[in-house]
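Below is one structure, written out as structure tokens, with a few remarks after it.
To find a chain, count down the sequence lines: A is the first, B the second, and so on, and within it residues start at 1.
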Amino acid sequence: MSGKYVVEDREKLTFSVDRETLVSPELLERERRAIFDRSWIYVGHGSEVAEPGAFKTRSVAGRPVIFTRDKGGQVRCLLNSCRHRGAIVCVAREGNQNSFSCPYHGWTYDGGGGLLTVPGEDAYGPHFAKNAMGLVAPPRLEAYRDFYFLNFDIGARGLADDLAGAKEYIDLVVDQSPSGRLQVISGTQEYDIRANWKLLVENSVDDYHLPSTHSTWLNYMRSAGVITRPGREAGLLLPTRGMGKDLGNGHLTTDNVNFRGRPVAAWISIYGEEAKADIAAIRAELVRRLGEARAARVADTNRNLVVFPNLVVNDGSSVTVRTFFPTAPDHMHVTAWALGPVEETEAQRARRLDAFLTFYGPGGFATPDDVAALELLQQGYRTWREVRWNDLSRGMGKDASDQLNTDEGHVRVFWRRWSELMEGAP
Amino acid sequence: MSDPTRAEIEDLFYREAELLDNWRLEEWMELLTDDAGYYIPPNDKPDADHRTTLFTIADNNARLKERVKRISDPNCHAENPPSRTRRHIANVRIASRSGDTIEAHANFIVHRFRRGEDVRVFVGHYRYKLRREGGALKIAERRAILDAEELGALGAVSFIL
């Protein structure tokens with residue numbers, strides 16, 4: 001398969017992506033229509049709106065939305081724009097309230113978006129139907145294991161079908177919780193990267209960059225007793241073997257034998273001596289509940305999952321949910337949260353949050369270097385007319401099932417789906 | 001042990017700003033107690049506790065030492081070359097005293113410059129816990145609380161704020 005921008009040659013084993021895709025305002029506009037308006041886009045986690053009336057406002061695929069739970073307990077997503085003249089009706093970041101009142105002319109909507117009151121309603125004609133003038137919802141809102149996604153394409157296939165193999169990896173994350181319930185933990189990391197949004201998709205699953213971009217993080221891990229030298233098996237650049245996998249429909253993941261510290265359940269000295277027994281108990285609970293084999297997958301492997309196009313769930317040094325939207329071809333806005341089992345003890349929760357900061361986030365020991373790397377890429381793309389093609393051919397000589405996490409088989413999955421939606425490549 | 005005056009606290013803060021702006025991080029560490037912590041709460045939960053809320057930075061002393069090691073390493077790409085910063089510390093006041101610990105607050109404006117990038121302006125306030133050790137006034141905890149609603153264009157906080 002080949003398009004104009006994504007060119008694959010299976011004989012010469014090359015896979016090239018045109019750098020114009022990373023700089024062009026016209027292509028970004030097409031992405032908004034062909035990708036963001038047709039794919040399942042992550043909105044939020046049900047735990048963020050745990051109580052009836054609870055809401056969060058955020059921007060999803062460029063639209064201001066209210067993510068809320070109505071009085072009946074139903075999670076809803078409403079476009080945050082008054083039906084009268086269009087102002088945002090809810091300006092608060094979060095809260096709990098039964099109605100949203102437009103600051104401009106005072107039209108007031110109930111928690112489910114229904115239009116309640118219109119000041120001076122008698123001035124409207126007899127055909128003015130309040131019951132048809134509620135806040136507009138995106139055509140589709142569906143959830144998988146409390147992860148809520150919207151779709152602006154009313155004809156899109158259902159979320160569960162679309163997620164395909166990604167479901168199994170979401171399940172592995174959720175299995176950390178004895179009751180199967182995770183929650184988004186208080187505290188939001190929102191930061192911009194001056195780079196094309198697709199570069200963060202690549203970066204989130206590209207383990208090839210780990211030894212060079214994150215050598216200072218590896219030093220930090222080594223000081224905590226982690227073995228960081230590459231494993232002996234041929235081809236390994238990292239201490240353990242990891243795979244890159246195609247999960248269908250543009251979704252992809254790494255699936256790695258763990259070598260780092262993990263609150264579930266790999267102790268490192270950073271967690272403190274007193275955590276050792278507790279982490280052993282967490283693992284024992286996993287084995288009792290899931291059996292040895294499944295427990296080992298949950299605890300002793302880690303994964304960075306991409307749900308096409310822009311949701312990343314990193315289940316590594318902790319669990320982070322990260323979503324990002326382009327604001328310009330060379331600029332994106334990132335929002336990230338920490339996820340944890342609802343039944344964690346205070347000490348376990350504190351350890352999870354501390355472990356998060358060993359790697360992730362704008363003050364972590366690794367993410368700032370990813371940000372720096374992505375911004376260097378974007379600066380380099382000012383040469384795109386002269387230096388036209390990105391090379392993503394690592395591992396192409398091997399079967400799809402043999403792609404390492406340091407190969408690029410899984411990154412190609414993203415670009416093939418991109419090409420399918422953007423240029424109709426088969 | 002005499003109670004510190006505001007002037008003595010201001011001198012400590014100005015000295016700290018000078019050392020940080022000049023990337024004299026080893027000397028800066030000498031201003032801290034052996035158990036000093038460094039915290040930046042998330043922009044949406046400025047008053048939260050790092051044990052229950054995801055922070056931007058929550059370093060105990062061991063990690064703070066690792067952080068200094070990391071950002072001094074040329075392989076720390078986010079800070080190579082090191083950011084140029086200029087700190088302005090103002091509105092210094094003593095907030096409370098309890099036992100041997102003094103809580104002092106100050107406002108800050110930190111401009112951060114990197115080649116080829118727009119200037120980034122970090123505005124907020126510090127909450128310090130100070131303690132006297134062997135006669136010297138030292139920093140037992142520093143908490144930098146940003147006023148921005150989100151990090152946004154400030155990007156990553158890879159230098160010591």
Go through it in stages, so that I can follow the logic: the residues are B:Glu66 and A:Ile270, the test is side chain to side chain contact (heavy atoms under 4.5 Å, CB included), and I'd like the CA-CA distance, side-chain angles, deciding distance and then a yes or no.
CA-CA 11 Å; B:Glu66 291 288 340; A:Ile270 291 167; over 6 Å; no
So does B:Arg93 have more than 12 non-hydrogen atoms from other groups sitting under 6.0 Å from CZ?
yes
Under 4.5 Å heavy-atom distance to chain A, tell me which part of B:Thr52 shows up: side chain, backbone, both or neither.
backbone
Tell me, out of B:Glu150, B:Glu149, B:Glu79, who's got the most heavy-atom pairs with chain A below 4.5 Å.
B:Glu150
Is the number of heavy atoms from other residues, nucleotides or ligands under 6.0 Å of A:Glu51 CD greater than 12?
no
If one checks every heavy atom of A:Tyr220 against chain B at 4.5 Å, the contacting part turns out to be both
By a 4.5 Å heavy-atom criterion (distance strictly below it), what part of B:Glu117 contacts chain A: side chain, backbone, both, or neither?
side chain
What option among B:Ile40, B:Asp44, B:Val157 has the most heavy-atom pairs under 4.5 Å with chain A?
B:Asp44
Between A:Pro362 and B:Gly155 the two heavy atoms that sit nearest each other are CB-O, 4.0 Å
Separation of B:Arg51 CZ from A:Arg352 CZ (nearest 0.5 Å):
14.5 Å
Over 12 non-hydrogen atoms of neighbours within 6.0 angstrom of CZ in B:Arg86
no
Spacing of A:Ile185 atom CD1 and B:Lys45 atom NZ [to the nearest 0.5 Å]:
13.0 Å
Cut-off 4.5 Å, heavy atoms of chain B, and the answer for A:Arg351 is neither
Chain A: which of B:Leu154, B:Ile57, B:Asn43 shares the most heavy-atom pairs with it under 4.5 Å?
B:Ile57
Pairs of heavy atoms under 4.5 Å with chain B: top-ranked of A:Ile193, A:Leu376, A:Val334, A:Thr213:
A:Thr213
Hey, mind stepping through A:Asp369 and B:Arg70 against salt bridge (Lys or Arg N to Asp or Glu O under 4.0 Å) and telling me if it holds?
CA-CA 11 Å; A:Asp369 294 330; B:Arg70 170 178 135 69; 2.5 Å; yes
Are more than 12 heavy atoms, taken from residues, nucleotides or ligands other than A:Tyr208, located less than 6.0 Å from that residue's OH atom?
no
Other residues, nucleotides, ligands: >12 heavy atoms within 6.0 Å of B:Arg84 CZ
no
How far apart are the C-alpha atoms of A:Leu357 and B:Thr56, what are their side-chain angles, what is the distance that settles it, and do they pass the side chain to side chain contact (heavy atoms under 4.5 Å, CB included) test?
CA-CA 8 Å; A:Leu357 299 177; B:Thr56 302; over 6 Å; no
Examine whether an atom of B:Ala153 lies under 4.5 Å from a heavy atom of chain A, and if so say whether it belongs to the side chain, the backbone or both; otherwise answer neither.
both
If only atom types and distance count, is the side chain of B:Arg67 paired as donor or acceptor with the main-chain N or O of A:Gly363 below 3.5 Å?
yes
Could you measure the distance from the CG atom of A:Asp354 to the NE2 atom of B:His50? Nearest 0.5 Å is fine.
7.0 Å
With a 4.5 angstrom heavy-atom cut-off, is it the side chain or the backbone of A:Ala350 that approaches chain B, or both, or neither?
both
Compare every heavy atom of A:Trp337 with every heavy atom of B:Leu54, then report the nearest pair and how far apart it is.
CD2-C, 4.2 Å
Counting only heavy atoms closer than 4.5 Å, note whether A:Glu375 contacts chain B via side chain, backbone, both or neither.
side chain
Which portion of B:Arg114 sits near chain A, non-hydrogen atoms under 4.5 angstrom:
neither
Answer yes or no: are there more than 12 heavy-atom neighbours, outside A:Arg93 itself, under 6.0 Å from its atom CZ?
yes
Part of A:Thr188 lying under 4.5 Å from any heavy atom of chain B:
both
Between the side chain of A:Gln189 and the main-chain N/O of B:Phe55, is any donor-acceptor distance below 3.5 Å?
yes
Would you confirm whether B:His77, through its side chain, and A:Ser212, through its main-chain N or O, come within 3.5 Å as a donor-acceptor pair?
yes
Tell me if the CZ atom of A:Arg181 is crowded by more than 12 foreign heavy atoms within 6.0 Å.
no
Please report the interatomic distance CD1(B:Ile71) to CZ(A:Phe365), rounded to the nearest 0.5 Å.
8.5 Å
Looking only at heavy atoms, the pair that brings A:Gly187 and B:Pro42 closest together is CA-CG, 3.8 Å
